[in-house]
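Everything below concerns the one structure shown next.
Just so we're on the same page: letters track the sequence lines, and every chain starts at 1.
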Number of protein chains: 2
Amino acid sequence: MTDPTKPRTDPRILRTRQLLKDAFIDLMQEMDIEKISVNKIAERATINRVTFYLHYRDIPDMMEKMADEMVEEWQEVLNKGVYDQATDREIHWLRLVSLLEHIAEHAKFYKVILASKRTPVIFTDRLKRLLVDAITTRIESQGNDSYLVRAGIQKDIAIWYGSSALIGTIVSWLRSDMRYTPQFLAKQFALLVSNYGRDEE
Amino acid sequence: MTDPTKPRTDPRILRTRQLLKDAFIDLMQEMDIEKISVNKIAERATINRVTFYLHYRDIPDMMEKMADEMVEEWQEVLNKGVYDQATDREIHWLRLVSLLEHIAEHAKFYKVILASKRTPVIFTDRLKRLLVDAITTRIESQGNDSYLVRAGIQKDIAIWYGSSALIGTIVSWLRSDMRYTPQFLAKQFALLVSNYGRDEE
DNA sequence: AGACTTAATTTACAATGTGTAAGATAATTT
DNA sequence: AAATTATCTTACACATTGTAAATTAAGTCT
(Lines give C-alpha, C1' and ligand atoms only; values in the text may rest on other atoms or scores of the structure.)
Protein backbone atom coordinates (compact mmCIF):
# COMPACT_ATOMS: atom_id res chain seq x y z
CA MET A 1 0.00 0.00 0.00
CA THR A 2 2.75 2.43 0.93
CA ASP A 3 5.12 2.96 -1.93
CA PRO A 4 8.73 2.81 -0.73
CA THR A 5 10.01 4.43 -3.92
CA LYS A 6 8.37 7.71 -2.95
CA PRO A 7 10.04 9.54 -0.06
CA ARG A 8 6.90 9.64 2.15
CA THR A 9 4.87 12.85 2.27
CA ASP A 10 5.05 15.45 4.97
CA PRO A 11 2.19 14.98 7.45
CA ARG A 12 1.35 18.65 7.24
CA ILE A 13 0.58 18.22 3.56
CA LEU A 14 -1.67 15.28 4.20
CA ARG A 15 -3.45 17.11 6.97
CA THR A 16 -4.01 20.26 4.94
CA ARG A 17 -5.30 18.40 1.91
CA GLN A 18 -7.64 16.30 4.00
CA LEU A 19 -9.03 19.38 5.72
CA LEU A 20 -9.56 21.06 2.37
CA LYS A 21 -11.29 18.06 0.84
CA ASP A 22 -13.49 17.55 3.87
CA ALA A 23 -14.45 21.19 3.83
CA PHE A 24 -15.34 20.94 0.17
CA ILE A 25 -17.58 17.91 0.69
CA ASP A 26 -19.15 19.69 3.62
CA LEU A 27 -19.94 22.75 1.57
CA MET A 28 -21.30 20.67 -1.29
CA GLN A 29 -23.95 19.38 1.09
CA GLU A 30 -24.96 22.89 2.01
CA MET A 31 -24.90 24.79 -1.26
CA ASP A 32 -24.74 24.49 -5.00
CA ILE A 33 -21.29 24.06 -6.37
CA GLU A 34 -21.18 27.43 -8.15
CA LYS A 35 -21.52 29.19 -4.82
CA ILE A 36 -18.42 27.48 -3.44
CA SER A 37 -15.33 29.68 -3.48
CA VAL A 38 -11.74 29.13 -2.48
CA ASN A 39 -12.47 31.57 0.27
CA LYS A 40 -15.21 29.44 1.76
CA ILE A 41 -13.29 26.21 1.44
CA ALA A 42 -10.27 27.65 3.21
CA GLU A 43 -12.37 29.22 5.92
CA ARG A 44 -14.27 26.01 6.58
CA ALA A 45 -11.03 24.04 6.61
CA THR A 46 -9.43 26.55 9.00
CA ILE A 47 -6.62 26.88 6.54
CA ASN A 48 -5.29 30.08 5.10
CA ARG A 49 -6.64 30.82 1.65
CA VAL A 50 -3.18 31.22 0.19
CA THR A 51 -2.31 27.72 1.33
CA PHE A 52 -5.04 26.38 -0.93
CA TYR A 53 -3.03 27.54 -3.91
CA LEU A 54 0.02 25.68 -2.68
CA HIS A 55 -1.93 22.46 -3.30
CA TYR A 56 -4.41 23.12 -6.08
CA ARG A 57 -4.48 25.45 -9.03
CA ASP A 58 -8.16 26.17 -8.55
CA ILE A 59 -11.36 24.39 -7.58
CA PRO A 60 -11.72 22.41 -10.81
CA ASP A 61 -8.15 21.19 -10.34
CA MET A 62 -9.03 20.10 -6.85
CA MET A 63 -12.02 18.15 -8.14
CA GLU A 64 -9.88 16.56 -10.81
CA LYS A 65 -7.50 15.29 -8.14
CA MET A 66 -10.35 14.06 -5.99
CA ALA A 67 -11.67 12.19 -8.99
CA ASP A 68 -8.24 10.59 -9.50
CA GLU A 69 -8.21 9.40 -5.93
CA MET A 70 -11.72 8.06 -6.23
CA VAL A 71 -10.80 6.01 -9.28
CA GLU A 72 -7.77 4.61 -7.46
CA GLU A 73 -9.95 3.56 -4.57
CA TRP A 74 -12.35 1.77 -6.87
CA GLN A 75 -9.47 -0.05 -8.47
CA GLU A 76 -8.22 -1.16 -5.07
CA VAL A 77 -11.66 -2.34 -4.04
CA LEU A 78 -12.13 -4.23 -7.27
CA ASN A 79 -8.75 -5.93 -7.06
CA LYS A 80 -8.36 -6.66 -3.38
CA GLY A 81 -10.75 -9.62 -3.16
CA VAL A 82 -9.21 -13.08 -3.33
CA TYR A 83 -11.75 -15.41 -4.78
CA ASP A 84 -9.99 -18.72 -5.10
CA GLN A 85 -12.20 -21.45 -6.43
CA ALA A 86 -15.05 -19.28 -7.65
CA THR A 87 -16.48 -19.19 -11.15
CA ASP A 88 -16.05 -16.07 -13.24
CA ARG A 89 -19.66 -15.19 -12.68
CA GLU A 90 -19.31 -15.49 -8.91
CA ILE A 91 -16.21 -13.33 -8.98
CA HIS A 92 -18.00 -10.60 -10.85
CA TRP A 93 -20.87 -10.74 -8.44
CA LEU A 94 -18.62 -10.59 -5.39
CA ARG A 95 -16.70 -7.69 -6.83
CA LEU A 96 -19.89 -5.80 -7.44
CA VAL A 97 -20.98 -6.44 -3.87
CA SER A 98 -17.75 -5.12 -2.40
CA LEU A 99 -17.98 -2.09 -4.64
CA LEU A 100 -21.50 -1.34 -3.46
CA GLU A 101 -20.46 -1.90 0.13
CA HIS A 102 -17.59 0.51 -0.32
CA ILE A 103 -19.99 3.11 -1.70
CA ALA A 104 -22.42 2.57 1.16
CA GLU A 105 -19.61 3.02 3.66
CA HIS A 106 -18.66 6.35 2.15
CA ALA A 107 -22.19 7.34 1.31
CA LYS A 108 -21.79 10.95 2.41
CA PHE A 109 -18.93 11.44 0.00
CA TYR A 110 -20.52 9.64 -2.93
CA LYS A 111 -23.92 11.22 -2.51
CA VAL A 112 -22.40 14.64 -2.73
CA ILE A 113 -19.95 13.86 -5.48
CA LEU A 114 -22.12 11.75 -7.75
CA ALA A 115 -25.68 12.54 -6.91
CA SER A 116 -26.10 16.21 -6.12
CA LYS A 117 -27.97 18.48 -8.49
CA ARG A 118 -25.14 20.47 -10.00
CA THR A 119 -22.18 18.14 -9.81
CA PRO A 120 -20.15 18.22 -12.97
CA VAL A 121 -20.16 14.98 -14.91
CA ILE A 122 -16.40 14.37 -14.55
CA PHE A 123 -16.87 12.15 -11.54
CA THR A 124 -19.39 9.79 -13.09
CA ASP A 125 -17.45 9.97 -16.34
CA ARG A 126 -14.26 8.78 -14.71
CA LEU A 127 -16.01 5.87 -13.12
CA LYS A 128 -17.74 5.05 -16.35
CA ARG A 129 -14.41 4.93 -18.13
CA LEU A 130 -13.15 2.53 -15.48
CA LEU A 131 -16.14 0.27 -16.01
CA VAL A 132 -15.89 0.54 -19.78
CA ASP A 133 -12.33 -0.74 -19.59
CA ALA A 134 -13.29 -3.56 -17.26
CA ILE A 135 -16.27 -4.65 -19.33
CA THR A 136 -14.33 -4.30 -22.57
CA THR A 137 -11.59 -6.73 -21.61
CA ARG A 138 -14.26 -9.10 -20.35
CA ILE A 139 -16.23 -9.00 -23.58
CA GLU A 140 -13.16 -9.11 -25.81
CA SER A 141 -12.06 -12.28 -24.05
CA GLN A 142 -15.25 -14.00 -25.16
CA GLY A 143 -14.28 -13.88 -28.80
CA ASN A 144 -16.78 -13.89 -31.61
CA ASP A 145 -19.26 -16.51 -30.49
CA SER A 146 -20.66 -14.58 -27.54
CA TYR A 147 -24.32 -13.90 -27.01
CA LEU A 148 -23.82 -10.36 -28.23
CA VAL A 149 -22.47 -11.34 -31.58
CA ARG A 150 -25.12 -13.98 -32.05
CA ALA A 151 -27.86 -11.50 -31.23
CA GLY A 152 -26.42 -8.96 -33.66
CA ILE A 153 -25.46 -6.46 -30.99
CA GLN A 154 -22.51 -4.16 -31.54
CA LYS A 155 -19.93 -4.60 -28.79
CA ASP A 156 -19.25 -0.92 -28.23
CA ILE A 157 -22.94 -0.16 -27.96
CA ALA A 158 -23.43 -2.95 -25.46
CA ILE A 159 -20.59 -1.51 -23.42
CA TRP A 160 -22.03 2.01 -23.53
CA TYR A 161 -25.33 0.56 -22.48
CA GLY A 162 -24.07 -1.62 -19.66
CA SER A 163 -21.66 0.84 -18.09
CA SER A 164 -24.21 3.67 -18.19
CA ALA A 165 -26.85 1.44 -16.66
CA LEU A 166 -24.52 0.41 -13.87
CA ILE A 167 -23.33 3.88 -12.93
CA GLY A 168 -26.75 5.39 -13.35
CA THR A 169 -28.42 2.79 -11.19
CA ILE A 170 -25.85 3.32 -8.48
CA VAL A 171 -26.53 7.05 -8.54
CA SER A 172 -30.27 6.49 -8.30
CA TRP A 173 -29.66 4.04 -5.50
CA LEU A 174 -27.63 6.68 -3.64
CA ARG A 175 -30.38 9.25 -4.18
CA SER A 176 -32.86 6.80 -2.69
CA ASP A 177 -30.64 6.66 0.40
CA MET A 178 -29.58 3.14 -0.44
CA ARG A 179 -33.02 1.68 -0.02
CA TYR A 180 -31.65 -1.81 -0.89
CA THR A 181 -28.71 -3.71 0.52
CA PRO A 182 -25.58 -4.08 -1.61
CA GLN A 183 -26.23 -7.81 -1.90
CA PHE A 184 -29.78 -7.35 -3.07
CA LEU A 185 -28.86 -4.71 -5.59
CA ALA A 186 -26.02 -6.83 -6.96
CA LYS A 187 -28.43 -9.74 -7.38
CA GLN A 188 -30.79 -7.49 -9.27
CA PHE A 189 -27.99 -6.46 -11.58
CA ALA A 190 -27.27 -10.08 -12.23
CA LEU A 191 -30.90 -10.65 -13.18
CA LEU A 192 -30.99 -7.59 -15.40
CA VAL A 193 -27.96 -8.58 -17.44
CA SER A 194 -28.76 -12.28 -17.38
CA ASN A 195 -29.76 -12.09 -21.00
CA TYR A 196 -26.23 -11.87 -22.30
CA GLY A 197 -24.69 -12.93 -19.06
CA ARG A 198 -25.63 -16.51 -19.83
CA ASP A 199 -22.42 -17.45 -21.60
CA GLU A 200 -19.97 -15.54 -19.51
CA GLU A 201 -18.94 -18.48 -17.40
CA MET B 1 -47.81 25.61 -31.06
CA THR B 2 -48.37 29.29 -30.31
CA ASP B 3 -50.41 29.75 -27.20
CA PRO B 4 -53.17 32.33 -27.79
CA THR B 5 -53.71 32.79 -24.05
CA LYS B 6 -50.34 34.44 -23.67
CA PRO B 7 -50.11 37.96 -25.11
CA ARG B 8 -47.26 37.21 -27.55
CA THR B 9 -43.73 38.15 -26.50
CA ASP B 10 -41.86 41.18 -27.68
CA PRO B 11 -39.51 40.24 -30.54
CA ARG B 12 -36.70 42.06 -28.81
CA ILE B 13 -36.97 39.68 -25.90
CA LEU B 14 -36.86 36.65 -28.14
CA ARG B 15 -33.91 38.03 -30.03
CA THR B 16 -31.94 38.88 -26.91
CA ARG B 17 -32.53 35.52 -25.27
CA GLN B 18 -31.61 33.67 -28.42
CA LEU B 19 -28.40 35.65 -28.76
CA LEU B 20 -27.53 34.95 -25.15
CA LYS B 21 -28.20 31.24 -25.42
CA ASP B 22 -26.29 30.93 -28.67
CA ALA B 23 -23.37 32.77 -27.15
CA PHE B 24 -23.41 30.43 -24.19
CA ILE B 25 -23.37 27.32 -26.36
CA ASP B 26 -20.61 28.87 -28.40
CA LEU B 27 -18.48 29.52 -25.35
CA MET B 28 -19.11 26.04 -24.00
CA GLN B 29 -17.42 24.68 -27.10
CA GLU B 30 -14.39 26.83 -26.48
CA MET B 31 -13.83 26.65 -22.74
CA ASP B 32 -14.75 24.87 -19.56
CA ILE B 33 -17.95 26.03 -18.00
CA GLU B 34 -16.31 27.55 -14.90
CA LYS B 35 -14.45 30.00 -17.11
CA ILE B 36 -17.67 31.33 -18.60
CA SER B 37 -18.78 34.62 -17.07
CA VAL B 38 -21.79 36.84 -17.63
CA ASN B 39 -19.31 39.27 -19.07
CA LYS B 40 -18.18 36.88 -21.75
CA ILE B 41 -21.66 35.73 -22.63
CA ALA B 42 -22.88 39.28 -23.06
CA GLU B 43 -19.87 40.31 -25.06
CA ARG B 44 -20.18 37.32 -27.39
CA ALA B 45 -23.89 37.94 -27.80
CA THR B 46 -23.27 41.63 -28.53
CA ILE B 47 -25.67 42.44 -25.75
CA ASN B 48 -25.03 44.72 -22.84
CA ARG B 49 -24.09 42.88 -19.70
CA VAL B 50 -26.81 44.58 -17.68
CA THR B 51 -29.40 43.26 -20.10
CA PHE B 52 -28.45 39.73 -19.16
CA TYR B 53 -29.81 40.36 -15.68
CA LEU B 54 -33.12 41.48 -17.10
CA HIS B 55 -33.61 37.92 -18.31
CA TYR B 56 -31.72 35.61 -15.97
CA ARG B 57 -30.74 35.81 -12.35
CA ASP B 58 -27.34 34.32 -13.05
CA ILE B 59 -25.73 31.64 -15.20
CA PRO B 60 -27.16 28.66 -13.29
CA ASP B 61 -30.61 30.20 -13.68
CA MET B 62 -30.01 30.49 -17.39
CA MET B 63 -29.03 26.84 -17.60
CA GLU B 64 -32.10 25.87 -15.63
CA LYS B 65 -34.29 27.63 -18.17
CA MET B 66 -32.43 26.08 -21.06
CA ALA B 67 -33.00 22.68 -19.48
CA ASP B 68 -36.72 23.44 -19.20
CA GLU B 69 -36.88 24.27 -22.87
CA MET B 70 -34.96 21.15 -23.77
CA VAL B 71 -37.40 18.97 -21.86
CA GLU B 72 -40.33 20.66 -23.60
CA GLU B 73 -38.78 19.95 -26.97
CA TRP B 74 -38.32 16.29 -26.13
CA GLN B 75 -41.92 16.08 -25.08
CA GLU B 76 -43.02 17.61 -28.36
CA VAL B 77 -40.86 15.23 -30.35
CA LEU B 78 -42.13 12.24 -28.43
CA ASN B 79 -45.78 13.21 -28.82
CA LYS B 80 -45.92 14.60 -32.33
CA GLY B 81 -45.77 11.33 -34.30
CA VAL B 82 -49.08 9.87 -35.39
CA TYR B 83 -48.70 6.12 -35.56
CA ASP B 84 -52.11 4.85 -36.48
CA GLN B 85 -52.19 1.12 -36.87
CA ALA B 86 -48.87 0.30 -35.30
CA THR B 87 -48.28 -2.06 -32.41
CA ASP B 88 -47.10 -0.64 -29.11
CA ARG B 89 -43.67 -1.97 -29.75
CA GLU B 90 -43.48 -0.29 -33.17
CA ILE B 91 -44.64 2.96 -31.65
CA HIS B 92 -41.89 2.90 -29.07
CA TRP B 93 -39.34 2.16 -31.72
CA LEU B 94 -40.54 4.97 -33.98
CA ARG B 95 -40.55 7.41 -31.09
CA LEU B 96 -37.01 6.50 -30.23
CA VAL B 97 -35.95 7.00 -33.83
CA SER B 98 -37.48 10.48 -34.01
CA LEU B 99 -35.84 11.36 -30.73
CA LEU B 100 -32.43 10.27 -31.98
CA GLU B 101 -33.03 12.13 -35.23
CA HIS B 102 -33.90 15.25 -33.30
CA ILE B 103 -30.68 14.93 -31.31
CA ALA B 104 -28.65 14.40 -34.45
CA GLU B 105 -30.18 17.50 -36.02
CA HIS B 106 -29.18 19.62 -33.03
CA ALA B 107 -25.94 17.79 -32.42
CA LYS B 108 -23.94 20.92 -31.69
CA PHE B 109 -26.29 21.88 -28.89
CA TYR B 110 -26.58 18.43 -27.36
CA LYS B 111 -22.90 17.63 -27.57
CA VAL B 112 -22.09 20.71 -25.60
CA ILE B 113 -24.93 20.41 -23.14
CA LEU B 114 -24.85 16.70 -22.44
CA ALA B 115 -21.44 15.47 -23.41
CA SER B 116 -18.79 18.01 -22.52
CA LYS B 117 -16.35 17.34 -19.71
CA ARG B 118 -17.64 19.69 -17.05
CA THR B 119 -21.33 19.97 -17.78
CA PRO B 120 -23.38 19.84 -14.63
CA VAL B 121 -25.62 16.81 -14.40
CA ILE B 122 -28.87 18.81 -14.38
CA PHE B 123 -29.34 18.40 -18.10
CA THR B 124 -29.02 14.64 -18.19
CA ASP B 125 -30.96 14.45 -14.96
CA ARG B 126 -33.91 16.29 -16.40
CA LEU B 127 -34.03 14.01 -19.39
CA LYS B 128 -33.67 10.99 -17.21
CA ARG B 129 -36.64 12.09 -15.16
CA LEU B 130 -38.63 12.44 -18.35
CA LEU B 131 -37.73 8.91 -19.37
CA VAL B 132 -38.36 7.55 -15.90
CA ASP B 133 -41.90 8.91 -16.07
CA ALA B 134 -42.45 7.50 -19.53
CA ILE B 135 -41.09 4.07 -18.67
CA THR B 136 -42.92 3.98 -15.37
CA THR B 137 -46.38 4.44 -16.86
CA ARG B 138 -45.49 1.83 -19.45
CA ILE B 139 -44.40 -0.72 -16.87
CA GLU B 140 -47.24 0.03 -14.48
CA SER B 141 -49.72 -0.64 -17.26
CA GLN B 142 -48.42 -4.18 -17.58
CA GLY B 143 -49.69 -5.15 -14.15
CA ASN B 144 -48.15 -7.90 -12.13
CA ASP B 145 -47.61 -10.63 -14.69
CA SER B 146 -44.90 -8.84 -16.66
CA TYR B 147 -41.52 -10.34 -17.39
CA LEU B 148 -39.99 -8.24 -14.65
CA VAL B 149 -42.18 -9.60 -11.92
CA ARG B 150 -41.75 -13.15 -13.13
CA ALA B 151 -37.98 -12.74 -13.16
CA GLY B 152 -38.00 -11.27 -9.66
CA ILE B 153 -36.80 -7.85 -10.72
CA GLN B 154 -37.84 -4.82 -8.72
CA LYS B 155 -39.70 -2.33 -10.92
CA ASP B 156 -37.96 0.78 -9.67
CA ILE B 157 -34.55 -0.78 -10.15
CA ALA B 158 -35.43 -1.82 -13.68
CA ILE B 159 -36.48 1.75 -14.37
CA TRP B 160 -33.26 3.17 -12.93
CA TYR B 161 -31.36 0.71 -15.05
CA GLY B 162 -33.22 1.29 -18.29
CA SER B 163 -33.37 5.06 -18.17
CA SER B 164 -29.70 5.39 -17.23
CA ALA B 165 -28.72 3.02 -19.99
CA LEU B 166 -30.71 4.98 -22.54
CA ILE B 167 -29.43 8.43 -21.60
CA GLY B 168 -25.90 7.19 -21.12
CA THR B 169 -25.78 5.44 -24.44
CA ILE B 170 -27.07 8.54 -26.18
CA VAL B 171 -24.31 10.58 -24.55
CA SER B 172 -21.67 8.08 -25.63
CA TRP B 173 -23.14 8.07 -29.09
CA LEU B 174 -22.88 11.88 -29.21
CA ARG B 175 -19.28 11.70 -28.02
CA SER B 176 -18.52 9.25 -30.82
CA ASP B 177 -19.86 11.89 -33.23
CA MET B 178 -22.93 9.80 -33.92
CA ARG B 179 -21.04 6.98 -35.51
CA TYR B 180 -24.32 5.07 -36.10
CA THR B 181 -27.55 6.19 -37.72
CA PRO B 182 -30.56 6.85 -35.50
CA GLN B 183 -32.34 3.85 -37.03
CA PHE B 184 -29.47 1.50 -36.37
CA LEU B 185 -29.02 2.68 -32.79
CA ALA B 186 -32.73 2.35 -32.10
CA LYS B 187 -32.63 -1.21 -33.42
CA GLN B 188 -29.74 -1.97 -31.12
CA PHE B 189 -31.70 -0.65 -28.18
CA ALA B 190 -34.53 -2.94 -29.13
CA LEU B 191 -32.17 -5.90 -29.13
CA LEU B 192 -30.63 -4.92 -25.82
CA VAL B 193 -33.93 -4.71 -23.98
CA SER B 194 -35.50 -7.61 -25.84
CA ASN B 195 -35.22 -9.70 -22.73
CA TYR B 196 -38.06 -8.02 -20.90
CA GLY B 197 -39.38 -6.36 -24.01
CA ARG B 198 -40.86 -9.66 -25.07
CA ASP B 199 -44.22 -9.18 -23.42
CA GLU B 200 -44.69 -5.49 -23.97
CA GLU B 201 -46.96 -5.87 -26.98
C1' DA C 1 19.39 18.30 20.52
C1' DG C 2 20.31 21.47 17.17
C1' DA C 3 20.72 22.70 12.23
C1' DC C 4 18.31 22.32 8.06
C1' DT C 5 14.34 22.11 5.15
C1' DT C 6 9.83 22.68 3.95
C1' DA C 7 4.90 24.02 4.87
C1' DA C 8 1.72 27.31 6.41
C1' DT C 9 0.65 32.10 7.63
C1' DT C 10 0.26 37.02 7.15
C1' DT C 11 -0.30 41.06 4.62
C1' DA C 12 -0.76 43.20 0.43
C1' DC C 13 -2.07 44.25 -4.39
C1' DA C 14 -3.96 44.28 -9.17
C1' DA C 15 -7.34 42.38 -11.96
C1' DT C 16 -11.72 40.46 -12.89
C1' DG C 17 -16.48 39.43 -12.03
C1' DT C 18 -21.01 40.27 -9.67
C1' DG C 19 -25.33 42.42 -8.92
C1' DT C 20 -27.89 46.60 -8.71
C1' DA C 21 -29.38 51.55 -9.63
C1' DA C 22 -30.86 55.65 -12.34
C1' DG C 23 -31.40 57.99 -16.40
C1' DA C 24 -31.08 58.11 -21.59
C1' DT C 25 -32.09 55.97 -25.96
C1' DA C 26 -34.25 52.84 -29.15
C1' DA C 27 -37.73 49.62 -30.71
C1' DT C 28 -42.45 47.93 -30.48
C1' DT C 29 -47.29 48.25 -29.66
C1' DT C 30 -51.76 50.61 -29.54
C1' DA D 1 -48.18 60.11 -32.72
C1' DA D 2 -48.22 58.77 -28.03
C1' DA D 3 -47.45 55.36 -24.74
C1' DT D 4 -45.07 51.42 -23.40
C1' DT D 5 -41.37 48.52 -22.82
C1' DA D 6 -36.60 46.73 -23.83
C1' DT D 7 -32.03 47.83 -24.17
C1' DC D 8 -28.01 50.73 -23.35
C1' DT D 9 -24.83 53.61 -20.69
C1' DT D 10 -22.45 54.83 -16.77
C1' DA D 11 -21.50 54.14 -12.23
C1' DC D 12 -20.67 51.94 -7.75
C1' DA D 13 -19.83 48.69 -3.82
C1' DC D 14 -18.43 44.37 -3.02
C1' DA D 15 -16.56 39.57 -3.51
C1' DT D 16 -13.29 36.56 -5.65
C1' DT D 17 -9.09 35.39 -7.83
C1' DG D 18 -4.26 34.56 -8.24
C1' DT D 19 0.27 35.98 -7.06
C1' DA D 20 4.29 37.99 -4.29
C1' DA D 21 7.39 38.61 -0.35
C1' DA D 22 8.52 38.17 4.23
C1' DT D 23 7.58 35.71 8.65
C1' DT D 24 6.42 31.91 11.66
C1' DA D 25 5.76 27.08 12.66
C1' DA D 26 6.34 22.21 12.02
C1' DG D 27 8.78 18.27 10.47
C1' DT D 28 13.22 15.93 9.03
C1' DC D 29 17.92 14.51 9.39
C1' DT D 30 22.57 13.75 11.38
query: Starting at CZ of A/Arg17 and ending at P of C/dA8, how long is that distance when rounded to a whole Å?
result: 8 Å
message: Need the bend value for the helix from C/dA1-D/dT30 to C/dT30-D/dA1: angle between end axes, 5 pairs each end, nearest 10°.
response: 40°
Value in whole Å for how far the C1' atom of D/dT17 lies from NZ of A/Lys40: 14 Å
task: Give a yes/no answer on whether the side chain of B/His55 brings an N or O atom under 4.0 Å of OP1 or OP2 in D/dT7.
output: yes
Spacing of B/Phe52 atom CZ relative to C/dG17 atom C1', expressed in whole Å: 12 Å
Spacing of A/Arg8 atom CZ relative to D/dC29 atom C1', expressed in whole Å: 11 Å
query: Which part of the nucleic acid, if any, lies within reach of B/Ser37 when heavy atoms closer than 4.0 Å are counted: base, sugar-phosphate only, or nothing?
result: sugar-phosphate
Side-chain ion pair, B/Lys155 and B/Glu140, N-O less than 4.0 Å: yes
message: Give me each pair satisfying salt bridge (charged side-chain N to carboxylate O under 4.0 Å, His left out) with a member in residues 158-178 of chain A, each pair once, sequence neighbours excluded.
response: A/Lys111-A/Asp177, A/Arg175-B/Asp125
- line: For nucleotides 18-27 of chain D, 5' to 3', base contacts (B), sugar-phosphate-only contacts (S) and non-contacts (-) with protein non-hydrogen atoms under 4.0 Å give BBB----BBS
task: Tell me which of B/Asn39 and A/Ile13 sits closer to the 5' end of DNA chain C, going by the nucleotide each one is nearest to.
output: A/Ile13
- prompt: Looking at residues at least two apart in the chain, or sitting in another chain, which of them share a side chain to side chain donor-acceptor pair (under 3.5 Å) with A/Gln75?
  reply: none
Acceptor/donor pairs from residues 22-29 of chain A side chains to any protein atom, 3.5 angstrom cut, sequence neighbours excluded:
from	atom 1	to	atom 2	distance (Å)
A/Asp22	OD1	A/Gln18	NE2	3.1
A/Asp26	OD1	A/Lys108	NZ	3.2
A/Asp26	OD2	A/Arg44	NH1	3.0

All pairs passing ring pair (Phe, Tyr, Trp, His ring centres under 6.0 Å) where residues 33-54 of chain A contributes a residue, at least two apart: A/Phe52-A/Tyr56
message: Listing request: all salt bridge (charged side-chain N to carboxylate O under 4.0 Å, His left out) pairs with a residue in residues 178-187 of chain B, at least two apart in sequence or in separate chains.
response: A/Asp156-B/Arg179
- prompt: Would you say D/dT9 has OP1 or OP2 under 4.0 Å from some side-chain N or O of B/Asn48?
  reply: yes
Result block: side-chain N/O donor-acceptor pairs under 3.5 angstrom for residues 165-174 of chain A, not counting sequence neighbours:
from	atom 1	to	atom 2	distance (Å)
A/Thr169	OG1	A/Ala165	O	2.6
A/Ser172	OG	A/Gly168	O	3.2
A/Trp173	NE1	A/Tyr180	O	2.9

- request: List in chain and number order the residues that pass side chain to side chain donor-acceptor pair (under 3.5 Å) with A/Arg129, two or more places apart in sequence or in another chain; answer none if no residue qualifies.
  value: none
Please tabulate the protein-to-nucleotide N/O contacts below 3.5 Å involving nucleotides 1-4 of chain C, giving atom names and distances.
none

- prompt: Base, sugar-phosphate, or nothing for B/Leu54, non-hydrogen atoms under 4.0 angstrom?
  reply: base
- request: Can you sort out the partners of B/Arg15 under side chain to side chain donor-acceptor pair (under 3.5 Å), two or more places apart, ordered by chain and number?
  value: none
field: Salt-bridge criterion met for A/Lys80 and A/Glu73 (N-O under 4.0 Å)
entry: no
Can I get a per-line list of side-chain donor-acceptor pairs under 3.5 Å for residues 96-105 of chain B, giving both atom names and the distance, sequence neighbours left out?
from	atom 1	to	atom 2	distance (Å)
B/Ser98	OG	B/Leu94	O	2.9
B/Ser98	OG	B/Arg95	O	3.2
B/Glu101	OE2	B/Gln183	NE2	3.0
B/His102	NE2	B/Tyr110	OH	2.8

query: More than 12 non-hydrogen atoms from neighbouring residues, nucleotides or ligands closer than 6.0 Å to CD on B/Glu30, yes or no?
result: yes
- prompt: Atom CG of B/Leu20 to atom C1' of D/dT7: distance rounded to whole Å?
  reply: 12 Å
task: Rounded to the nearest angstrom, tell me the gap between atom CD in B/Glu43 and atom C1' in C/dT18.
output: 16 Å
task: Measure from CD on B/Glu34 to P on C/dG17 and round the result to the nearest Å.
output: 14 Å
message: How many whole angstroms separate atom CD1 of B/Ile41 from atom P of C/dG17?
response: 12 Å
